[in-house]
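One structure below.
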Amino acid sequence: MEYTYIVVKPNADERAERIIEELPCKVEKVALHVSLPREFWESFYVVHRGKSFYEELLDFMSSGNTSHFIGYGDGVIKKVRKAIGATDPSKAEPGTIRAKYGRSITENAIHASDSPSSAHFELSVGLTGLLQYGYIDLKRFMELKERFLGGEEVKHA
Ligand code: ATP
Ligand code: MG
């Protein structure tokens with residue numbers, strides 16, 4: 001089943017549950033309003049290591065709480081990317097999540113996977129980190145891993 005890893009970012013976290021209801025997909029709540037350290041975001045966003053905005057992105061993501069969800073269903077990756085809008089909220093189409101709740105290109109309210117391979121990577125790193133920092137228990141970790149990763153080996157953060 002196609003899935004996407006969704007994170008409501010610190011600038012919008014207080015409104016996470018309302019924001020998630022605006023997405024055009026079924027959603028599994030993984031962890032609400034949790035604080036994860038910089039090291040977690042270093043792994044999660046490793047694809048951006050070395051880019052000009054990387055350090056600022058890590059500072060921001062570890063500056064407050066975030067909420068984690070799995071969106072699922074046919075074509076969910078594309079549908080959710082369209083609903084969240086462009087990376088820069090000032091360029092996002094009116095009505096999109098980032099246009100409504102984003103503050104700046106860094107504080108752009110929400111993350112969603114951009115391909116099946118990033119969804120797989122982000123779900124693996126996400127679940128592992130949430131387990132490691134005590135926000136989900138081993139039973140829930142195994143249940144989500146079985147359901148979405150189909151028993152594949154999970155990469156460690
Ligand atoms: P995300 O991966 O968070 O869903 P995205 O896929 O739209 O966002 P990416 O290019 O993957 O954008 O960048 C990851 C995140 O890094 C962005 O969401 C944004 O918070 C931050 N970012 C990207 N480009 C810039 C930039 N030029 N200046 C500052 N921050 C940036
Ligand atoms: Mg991205």
Side-chain angles (χ1 to χ4, degrees), residues 1-130 132-133 135 144 148-149 154-157:
M1 190 207 326
E2 191 174 312
Y3 61 87
T4 181
Y5 198 76
I6 299 163
V7 178
V8 179
K9 300 187 181 185
N11 73 289
D13 183 66
E14 283 180 10
R15 288 166 291 178
E17 284 154 293
R18 192 189 340 147
I19 290 172
I20 223 70
E21 280 174 17
E22 296 183 27
L23 294 178
C25 64
K26 285 173 279 188
V27 169
E28 179 74 24
K29 279 181 201 172
V30 182
L32 290 175
H33 316 306
V34 300
S35 169
L36 289 158
R38 217 169 181 281
E39 297 75 65
F40 171 83
W41 296 110
E42 259 172 43
S43 307
F44 188 85
Y45 277 127
V46 70
V47 58
H48 297 303
R49 211 169 106 186
K51 293 187 188 165
S52 59
F53 58 82
Y54 185 58
E55 297 299 322
E56 192 184 338
L57 179 60
L58 301 184
D59 288 343
F60 171 56
M61 294 303 289
S62 54
S63 71
N65 291 342
T66 54
S67 293
H68 299 237
F69 305 88
I70 302 165
Y72 59 98
D74 285 346
V76 69
I77 292 176
K78 245 191 170 160
K79 280 185 204 162
V80 170
R81 291 287 290 187
K82 189 166 165 39
I84 74 177
T87 308
D88 182 348
S90 69
K91 298 190 177 122
E93 247 184 79
T96 58
I97 305 289
R98 283 168 168 167
K100 283 158 74 175
Y101 304 101
R103 256 188 222 149
S104 67
I105 189 160
T106 301
E107 303 196 17
N108 62 0
I110 195 163
H111 162 84
S113 312
D114 61 9
S115 67
S117 64
S118 16
H120 180 273
F121 175 80
E122 291 162 9
L123 181 58
S124 305
V125 170
L127 292 182
T128 303
L130 291 167
Q132 179 184 352
Y133 295 105
Y135 295 120
L144 291 170
F148 293 101
L149 297 173
V154 166
K155 288 191 189 79
H156 288 277

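In this chain, residues are counted from 1 in sequence order. Each ligand, and each atom within it, is numbered from 1 in the order the structure gives. The basis for the numbers below is simple: all heavy atoms, side chains too, and nothing from hydrogens, waters or symmetry mates.
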Quiz prompt | Option of least heavy-atom distance to atom 7 (O) of ligand 1 (set: Thr87, Ile110, Ile84) | solution =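 When every heavy atom of Thr87, Ile110, Ile84 is considered, Thr87 comes closest to atom 7 (O) of ligand 1.
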Exercise. Identify which of Lys9, Lys51, Glu56, His111 has a heavy atom lying nearest to atom 1 (P) of ligand 1.
Key: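 When every heavy atom of Lys9, Lys51, Glu56, His111 is considered, His111 comes closest to atom 1 (P) of ligand 1.
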Practice problem: Tell me which protein heavy atom sits closest to atom 13 (O) of ligand 1, plus the residue, atom name and distance to 0.1 Å. | Solution: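 Checked against all protein heavy atoms, atom 13 (O) of ligand 1 sits closest to His48 NE2, 3.4 Å.
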Self-check item: Top protein contact for atom 22 (N) of ligand 1, by heavy-atom distance
Solution: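 The closest heavy atom on the protein side is Phe53 CD1, 3.5 Å.
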Quiz item: Under a heavy-atom criterion of less than 4.0 Å, does Tyr45 contact ligand 1?
Solution: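 Checking ligand 1 against Tyr45, which is what was asked, there is a heavy-atom contact under 4.0 Å.
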Quiz item: Does Arg98 have a non-hydrogen atom less than 4.0 Å from ligand 1?
Solution: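 Arg98: in contact with ligand 1 (<4.0 Å).
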Practice problem: Give the contacting part of Glu122 toward ligand 1: side chain, backbone, both or neither, where contact means a heavy-atom distance below 4.0 Å. | Solution: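 Near ligand 1, Glu122 shows nothing, with every heavy atom at 4.0 Å or more.
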Quiz prompt | Part of Phe60 with heavy atoms under 4.0 Å of ligand 1, whether side chain, backbone, both or neither | solution =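 Near ligand 1, Phe60 shows nothing, with every heavy atom at 4.0 Å or more.
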Quiz item: Considering distance alone, does some N or O of Ile105 sit under 3.5 Å from an N or O of ligand 1?
Solution: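 Right, the criterion is met.
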Quiz item: If you measure every N/O of Thr106 against every N/O of ligand 1, is any gap under 3.5 Å?
Solution: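 The answer is yes, given that Thr106 and ligand 1 share an N or O pair closer than 3.5 Å.
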Please identify which atoms of ligand 1 are closer than 4.0 Å to at least one heavy atom of [X].
{"X": "Asn108", "result": "17 (C), 18 (O), 19 (C), 20 (O)"}
{"X": "Arg81", "result": "4 (O), 5 (P), 6 (O), 7 (O)"}
{"X": "Ala112", "result": "4 (O)"}

Taking [X] for the side chain and [Y] for the main chain, is one N or O donor matched with an acceptor at less than 3.5 Å?
{"X": "Asn108", "Y": "Thr87", "answer": "yes"}
{"X": "Glu22", "Y": "Ile97", "answer": "no"}
{"X": "Glu2", "Y": "Val76", "answer": "yes"}

Quiz item: Taking the six-membered ring where the residue is Trp, are the ring centres of His68 and Tyr135 under 6.0 Å apart?
Solution: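 His68 vs Tyr135: aromatic centres not under 6.0 Å.
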Quiz item: So Tyr5 and Phe44, would you call those rings parallel, tilted or perpendicular, with 30° and 60° as cut-offs?
Solution: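 It falls in the tilted class, 30° to 60°.
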Practice problem: Using the six-membered ring wherever Trp is involved, compare the ring planes of Tyr45 and His48 and label them parallel, tilted or perpendicular (cut-offs 30° and 60°). | Solution: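 Ring orientation of Tyr45 relative to His48: tilted.
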Exercise. May I ask you to say whether Arg15 pairs ionically with Glu21, meaning some side-chain N is under 4.0 Å from a carboxylate O?
Key: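 Salt bridge: no.
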Quiz item: Taking side chain as C-beta onward, heavy atoms only, is Phe121 less than 4.5 Å from Val46?
Solution: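 Contact flag for Phe121/Val46 side chains = yes.
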Practice problem: Answer yes or no: is there a side-chain heavy-atom contact under 4.5 Å between Ile6 and Val30? | Solution: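 No, their side chains stay 4.5 Å or more apart.
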